[in-house]
Amino acid sequence: MSEAAGIRVALSGAGGQIGAVLRPRLLAAGHVLRSGGGPTALTPLSDAETVTTGDLRDPDAVDRLLDGTDVLVHMAGTSVEKPLPEVIENNLIALQAVYEGARRHGVRRVVFASSNHAFGMHSVGERLAIDAPFRPDGAYGLSKAWGELMGRMYWDRHGIEGVALRIGSALPRPTEFRHLSTWLGHDDLGQLVLRSIAAPIPGYVAVWGASDNPRSYWDNGAAAATIGYRPTQSAEDWAEEILAQENPLDPIARTLQGGSFTTIDYTPEAERPRRGG
């Protein structure tokens, strides 16, 4: 796959916050875009964009989105901690339906929105390599670990290339202490996705989705180089302002990479079963 413009790209989750960032950038790069807004009826941004609607658990909706495309950028699904049944429906069942649609339509590559929350129970004192073990901080993070493994399986079994983007805090700017380690600026997000669409890859790869943050929890050097991702933004530009503010996280959440997600329905040490002697 070349860096040239004109790749036929499907974007799921186009009606969401990240989708709104990506749509104009994908079009500006010269790609032909099919944007799926779920139940939201989107307005095309240009003649190069076709919009679709529908629930991605429905094969017909998947077929409308993927018709005639080469690459799927999958940003749809539940993106915060929710009860397990909702997460299963949107992040497991819908994802499997999307991958089966990719098989039907001969889609060459799926760029999957994974998450740092698949690793959220690691200590903030660790700096994680790309092959760090999954340590999900809840049902949402668990679903993203499952999604990464699904991408790996569909490459091994069906030859569909995969790029898993372990997205950090994708925001216009960092606003709190944790973001100094996890921020992904919108310009870097756009570059990351564009490189994931076009860069030659060895079948299946994962990349940390973060800007060039000196305090990052993640070592992204080798993984980013695989797709040619070179972040240009840094949370450190806001460090002085952020460090002057109180850290909003509770004492336990401050020690774990997943931040506030880690202490939702969390069992304190004193209330846990006794360990064998």
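Since the structure is predicted, the reported quantities are computational estimates derived from the model, not experimental observations.
- Atom CZ of Arg64 is separated from atom OG1 of Thr52 by 7.0 Å, given to the nearest 0.5 angstrom.
- Under the 4.5 Å side-chain heavy-atom criterion for Ile, Leu, Val, Met, Phe, Trp and Tyr, Val193 and Leu11 are members of the same hydrophobic cluster.
- Using a 4.5 Å heavy-atom threshold, the side chains of Leu256 and Asp137 count as separate.
- When every heavy atom of Leu95 is checked against every heavy atom of Gly147, the shortest pair comes out as CD2-CA, 3.5 Å.
- Salt bridge annotation for Arg230-Asp212: absent, with no cationic side-chain nitrogen under 4.0 angstrom from a carboxylate oxygen.
- A side-chain donor-acceptor contact under 3.5 Å links Ser216 to the backbone of Trp218.
- Between Pro136 and Phe134, the shortest heavy-atom contact is CD-C, 3.7 Å.
- Using a 4.0 Å cut-off between charged nitrogen and carboxylate oxygen, Arg166 and Glu148 count as a salt-bridge pair.
- Contact check for Arg109 versus Ile160: no side-chain heavy atoms found under the 4.5 Å cut-off.
- When side chains are defined from C-beta on, Thr263 does not count as touching Leu249, because their heavy atoms never get closer than 4.5 Å.
- The closest side-chain heavy-atom distance from His186 to Arg25 is below 4.5 Å.
- Looking only at distances, no side-chain donor or acceptor of Thr182 sits under 3.5 Å from a matching main-chain atom of Gly168.
- The two residues Ala164 and Ser114 come nearest to each other via the heavy atoms CB-CB, 4.4 Å.
- Residues Ala139 and Leu84 share a closest heavy-atom pair of CB-CD1, 4.0 Å.
- Checked by atom type and distance alone, the side chain of His31 never pairs as donor or acceptor with a backbone atom of Leu27 at under 3.5 Å.
- Closest approach of Ile227 and Ala199 over heavy atoms only: O-CB, 3.4 Å.
- Both tests hold for Arg272 against Tyr266: distance to the six-membered ring centre under 6.0 Å, angle to the ring axis within 45°.
- Side chains of Ser196 and Leu165 form a contact here, defined as non-hydrogen atoms less than 4.5 Å apart.
- Under a hydrophobic clustering in which Ile, Leu, Val, Met, Phe, Trp and Tyr are joined whenever their side-chain heavy atoms come within less than 4.5 Å, directly or via other members, Met153 and Val107 fall into the same cluster.
- A donor-acceptor pair is defined here as one N or O able to donate and one able to accept, closer than 3.5 Å; no such pair exists between the side chain of Glu236 and the backbone of Pro214.
- The CG atom of Asn213 lies 5.0 Å from the OG atom of Ser234; values are rounded to the nearest 0.5 Å.
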**Report entry** Worked check of ring-ring contact (aromatic ring centres under 6.0 Å, His included) between Trp208 and Phe119
**Finding:** CA-CA 11 Å; Trp208 297 109; Phe119 303 85; 5.0 Å; yes
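- Formation of a donor-acceptor pair under 3.5 Å by the Thr226 side chain with backbone atoms of Ala222 is found in this model.
- Side-chain atoms of Arg23 never come within 3.5 Å of backbone atoms of Ser35 as a donor-acceptor pair (strictly under, hydrogens ignored).
- Using modelled atom types, one finds no donor on one side chain facing an acceptor on the other under 3.5 Å when comparing Gln233 with Trp183.
- Applying ring pair (Phe, Tyr, Trp, His ring centres under 6.0 Å) to Tyr99 and the options Trp146, Phe112, Tyr154, Trp155 leaves one that passes, Tyr154.
- Checking side-chain atoms of Asn116 against main-chain N and O of Ile167 turns up a donor-acceptor pair under 3.5 Å.
- Not one N or O on the side chain of Arg108 forms a donor-acceptor pair closer than 3.5 Å with the backbone of Asp70.
- No side-chain heavy atom of Arg8 sits less than 4.5 Å from a side-chain heavy atom of Val71.
- Among residues two or more places apart in sequence or in another chain, the side-chain contact (heavy atoms from CB on, under 4.5 Å) test is passed with Arg104 by Pro59, Val62, Asp63, Glu100.
- Two residues are said to be in side-chain contact when any heavy atoms from C-beta on lie closer than 4.5 Å; Leu56 and His74 meet this criterion.
- At a threshold of 4.0 Å, the pair Arg173-Glu241 counts as salt-bridged, since one of the basic side-chain nitrogens sits closer than that to a carboxylate oxygen.
- Formation of a donor-acceptor pair under 3.5 Å by the Asn91 side chain with backbone atoms of Thr78 is found in this model.
- For the atom pair CG (Leu72) and CZ (Arg34), the distance works out to 12.0 Å, reported to the nearest 0.5 Å.
- In this structure, Tyr229 and Asp188 have side chains that are in contact, with non-hydrogen atoms separated by less than 4.5 Å.
- A salt bridge links Asp156 with Arg152: the distance from a Lys NZ or Arg NE/NH1/NH2 to an Asp or Glu carboxylate oxygen falls below 4.0 Å.
- Cluster annotation: Val21 is connected to Leu192 through the hydrophobic network of ILVMFWY side chains, with a link wherever side-chain heavy atoms come within less than 4.5 Å.
- Note on Leu26 and Leu42: separate hydrophobic clusters, where clusters join Ile, Leu, Val, Met, Phe, Trp and Tyr whose side-chain heavy atoms are under 4.5 Å apart, directly or indirectly.
- Under the 4.5 Å side-chain heavy-atom criterion for ILVMFWY residues, no single connected hydrophobic cluster contains both Ile18 and Val51.
- Here the closest heavy-atom approach between residue Leu65 and residue Ser12 is recorded as CD2-CB, 3.9 Å.
- One N or O on the side chain of Asp250 and one on the backbone of Ala253 form a donor-acceptor pair closer than 3.5 Å.
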